[in-house]
Number of protein chains: 2
Amino acid sequence: MVFKKRRVKLEDIARKLNISIATVSRALDKNPRVKKSTQEKVFKTAEEMGYMPNQIAKSLSSGKTNIIGVLIPRYDEPFFIEVCRGIDQYARNHNYKILISSSRNSYQFEKENLISFERGLVDGIILSPTHETENVAHLNDLTSKGMPMVLFDNIREEVSGADHVMIDDIKSSFDAVEFLIKKGRKKIAFIGGIKQKKVFQDRFTGYKSALNKYKIPLNEELVLHCNSLDREFEDREILDFFKHLTTTPDAVFTCTDNYGLLAMKTLLKTEKKIPEEVAVIGFGDLGLGEVFVPTLTCVSQPSFEMGQKAAELLIKQLNEPEDILHKKTVVKLETKLTQREST
Amino acid sequence: MVFKKRRVKLEDIARKLNISIATVSRALDKNPRVKKSTQEKVFKTAEEMGYMPNQIAKSLSSGKTNIIGVLIPRYDEPFFIEVCRGIDQYARNHNYKILISSSRNSYQFEKENLISFERGLVDGIILSPTHETENVAHLNDLTSKGMPMVLFDNIREEVSGADHVMIDDIKSSFDAVEFLIKKGRKKIAFIGGIKQKKVFQDRFTGYKSALNKYKIPLNEELVLHCNSLDREFEDREILDFFKHLTTTPDAVFTCTDNYGLLAMKTLLKTEKKIPEEVAVIGFGDLGLGEVFVPTLTCVSQPSFEMGQKAAELLIKQLNEPEDILHKKTVVKLETKLTQREST
DNA sequence: CTGTTAGCGCATTCAC
DNA sequence: GTGAATGCGCTAACAG
């Protein structure tokens, strides 16, 4: 029964009421200059005829789409989804929708997605650059053209004109590792992610400086930088790491929840007692850690809030007068260590 | 689109080259009717001037946005994200983007989101109705207006004009429970989700009919229909369920992976051996089950493929001539039981 | 092969 | 208060 019927438009209801399109438009806009009685007539007729405004036409005419483009490196990472939820919530409350795209960890796809955003579909962009993104010219190019932009997670300070939302990765991991040290742990393993990502570099820095503060020498054997971009391979990589250790760690600090869980899983397989023999701390706190047995202690990152904040900053930019120079703002959100059974 | 600098448009490059806008448009379109040499000039100049087509104007003019609207009940459910990934992949390969929205398990929000889709932003819709959605008039209304639509997951057969993508929930759970029975389990608990969802009703039906086939009486005490829509509360609900049992089950069949993990967690807390004393089967197979210790046996649902299939069906609808009657198609995808350590 | 013209649906300026 | 006219940037039908 699907016949694409022509949509009713302003003109249709104008003709029916014998008034002009302009009046109908104003009436629906609740413009006070329109007589109450006509306004009511218009609303009533619009309702009866099943009028539905055309968003595209509105956008073309107004020059804004009320859509925020969000670009994340991958979908299957709860952290990014959580950030998106935060963005979505704030955006929705401010009459914006979000268009999420994934760059699938590829610099090439990142650029392509950005180009399609630039085609006028979105009013502004929130993104987390991929680890492959060394050159940020494409980002600076966009901001210099006046595209409002907010970066989060894998921050690139070099991008001017964009706001930044971040956490203090160095301090967060420093605190976590210090916590382990204060619990008497000395052989603390580190499992990080792709070295190219600033967040992972920073978390490694925090780890090293905690060791340093307590005069614990860095044992390279206990350090793993996961290179996998895929769940499957992360698994294997971590398994191998533990298998080939000659020193047995008494604690493990990992840069994501998932690494933490995989570490615990591997340790449990080899009959290690957690936390008695080995303590484990993850990073993120996205729900998984609470389900595992034992539950995972971790650095709680305010993912949802990061999204909200990013959306807030972007929408603020969108409301700035066009001819003003945007002043870059950087927001650092707080993390905290959430203690559970693994420590 | 709030660009501080004015964007270059067709007119600009037309003027520069002293040709008409139409020719520029056609040239960029690689229309064979335009001379090779002009085409090249146009491309070169467009490049130099940094021309970027305006997607909104294109859409208004062409009547299509090349955007697929996707409406899911919640973001924080890996199943839905996985389906979205599938949709995204297929859509991308066919020159479509996807606009994901969440109805946050609310019928009201579902309707609101659909209305905003109806405003012309999307060419078609893929959705999983919420459990609250009893009346599907709003969906039939949309399809009858000619909006292409595909439903998945919480299918509502009453929706005419929309294609459906599903799995055989009854058979899948029947098979899983039968598997447990054949392993000698007799006191099989059932943990389902919100009763209003057809998928959960069906999985319960499958459970019951397996018991029935093997003459095992249904013990109501061993049945839980989780009502929580929130991770936090699911946790509590399942904990309570096990706490108050007077019969100890020797197996648990759950309707989601997460329930399965929570069940295992609770059982482990009470020192039960898995699978020796209690076997557990989950439903979904979205990665989490592989991380847990022990790993979770589950019904593997082809989530990604569901998304791909849904996108395929929708795009097929989009390419149908407008004046033709759409023939509703229903696709049923295969599931399989993936055995792991919990059984 | 290329130009002219007429929309697409709505907002908005300028009259009256 | 309301209407007529113009423009948003691009596509497409129709000429030539």
Side-chain angles (χ1 to χ4, degrees), chain A residues 4-43 45-46 49-66 116 118-123 322, chain B residues 1-3 5-43 45-46 49-67 116 118-123 145 322:
Chain A
K4 309 199 177 178
K5 295 181 187 157
R6 202 178 63 73
R7 299 175 54 142
V8 6
K9 47 188 179 182
L10 291 188
E11 192 189 335
D12 299 318
I13 112 164
R15 198 166 29 214
K16 184 151 195 171
L17 257 34
N18 254 317
I19 55 181
S20 75
I21 298 183
T23 303
V24 177
S25 172
R26 282 189 285 247
L28 290 174
D29 235 37
K30 295 215 166 96
N31 186 318
R33 289 188 352 193
V34 171
K35 219 195 319 182
K36 257 281 172 278
S37 64
T38 26
Q39 199 200 81
E40 284 162 11
K41 266 195 312 190
V42 168
F43 267 93
T45 314
M49 300 180 75
Y51 171 72
M52 202 57 82
N54 181 324
Q55 190 56 48
I56 299 294
K58 269 189 155 146
S59 294
L60 181 61
S61 177
S62 70
K64 61 195 306 269
T65 62
N66 276 64
S116 91
E118 195 185 346
R119 280 164 137 74
L121 202 62
V122 304
D123 292 342
E322 307 201 357
Chain B
M1 234 182 7
V2 188
F3 281 97
K5 293 182 188 160
R6 202 180 63 74
R7 301 176 53 146
V8 5
K9 48 187 178 181
L10 291 187
E11 193 189 334
D12 299 317
I13 109 164
R15 198 166 31 214
K16 185 152 194 172
L17 256 34
N18 254 316
I19 55 179
S20 76
I21 299 183
T23 303
V24 178
S25 172
R26 281 188 287 246
L28 291 174
D29 232 40
K30 296 217 166 95
N31 186 318
R33 287 189 351 191
V34 39
K35 222 196 318 184
K36 256 282 174 278
S37 65
T38 24
Q39 199 200 83
E40 283 162 10
K41 267 196 312 192
V42 169
F43 267 92
T45 317
M49 301 181 73
Y51 172 72
M52 202 55 83
N54 182 322
Q55 189 56 47
I56 298 296
K58 265 188 159 149
S59 295
L60 181 61
S61 178
S62 70
K64 62 195 306 268
T65 62
N66 276 67
I67 297 181
S116 92
E118 195 185 346
R119 281 164 136 75
L121 203 61
V122 303
D123 292 342
K145 278 183 182 163
E322 308 203 352

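Residue numbers start from 1 in every chain, and the chains themselves are labelled A, B, ... in the order their sequence lines are given, proteins ahead of strands.
- Rounded to whole Å, atom C1' of C:dC1 lies 15 Å from atom CG of B:L17.
- In this structure, the CD1 atom of B:I56 is 14 Å from the P atom of C:dC10, given to the nearest Å.
- Ionic pairing of B:E40 and B:K36 is not present here: no N-O contact between side-chain nitrogen and carboxylate oxygen is shorter than 4.0 angstrom.
- For B:E11 and C:dG3, the CD to P distance is 14 Å, given to the nearest whole Å.
- When distances are taken from the side chain of B:T38 to each of D:dT11, C:dT2, D:dA4, the shortest belongs to C:dT2.
- Between the CD1 atom of A:I13 and the P atom of C:dG9 there is a distance of 15 Å, given to the nearest Å.
- At a threshold of 4.0 angstrom between heavy atoms, the contacts of B:L60 include nucleobase atoms, whether or not backbone atoms are also involved.
- When rounded to the nearest whole Å, the span between CZ of A:R33 and P of D:dT2 equals 10 Å.
- Under 4.0 angstrom from either OP1 or OP2 of C:dA11 there lies at least one side-chain N or O belonging to A:S25.
- Closest approach to the B:N54 side chain among D:dG9, D:dG1, C:dC1 is made by D:dG9 (side chain taken as heavy atoms from C-beta onward).
- The distance between atom CD1 of A:I21 and atom C1' of C:dT13, rounded to the nearest whole Å, is 16 Å.
- Here the nucleotide nearest the side chain of A:A22, chosen from D:dC10, D:dT2, D:dG3, is D:dG3.
- Within the 3.5 Å criterion, the main-chain N or O of A:L121 finds a donor-acceptor partner in the side chain of A:T65.
- Here the P atom of nucleotide D:dG1 and the CD atom of A:Q39 are 12 Å apart, to the nearest Å.
- Side-chain N/O atoms of B:S20 include none lying less than 4.0 angstrom from OP1 or OP2 on C:dT2.
- Closest to the side chain of B:K58, from the set D:dT11, C:dG9, C:dA11, is D:dT11.
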**Request:** I would like to know whether B:L10 and B:L28 meet side chain to side chain contact (heavy atoms under 4.5 Å, CB included); could you show each step before the answer?
**Result:** CA-CA 10 Å; B:L10 291 187; B:L28 291 174; 3.7 Å; yes

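- Note: CG (B:L10) to C1' (D:dC8) measures 13 Å, nearest angstrom.
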**Item:** Stepwise side chain to side chain contact (heavy atoms under 4.5 Å, CB included) check, A:T45 with A:Y51
**Value:** CA-CA 8 Å; A:T45 314; A:Y51 171 72; over 6 Å; no

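- Proximity of a side-chain donor or acceptor of A:N31 to a complementary backbone N or O of A:R33 within less than 3.5 Å is detected.
- Where B:N18 and B:S62 meet DNA chain C, the nucleotide closest to each residue was compared, and B:N18 sits on the side nearer the 5' end.
- Taking only side-chain nitrogens and oxygens, B:S61 never comes nearer than 4.0 Å to OP1 or OP2 of C:dC8.
- Evaluation of atom-type donor-acceptor distances gives no pair under 3.5 Å for the side chain of B:R26 against the base of D:dT11.
- Summary of the strand contacts: A:K36 and B:K9 both lie near DNA chain D, and taking for each the nucleotide with the nearest heavy atom, the more 5' one is attributed to A:K36.
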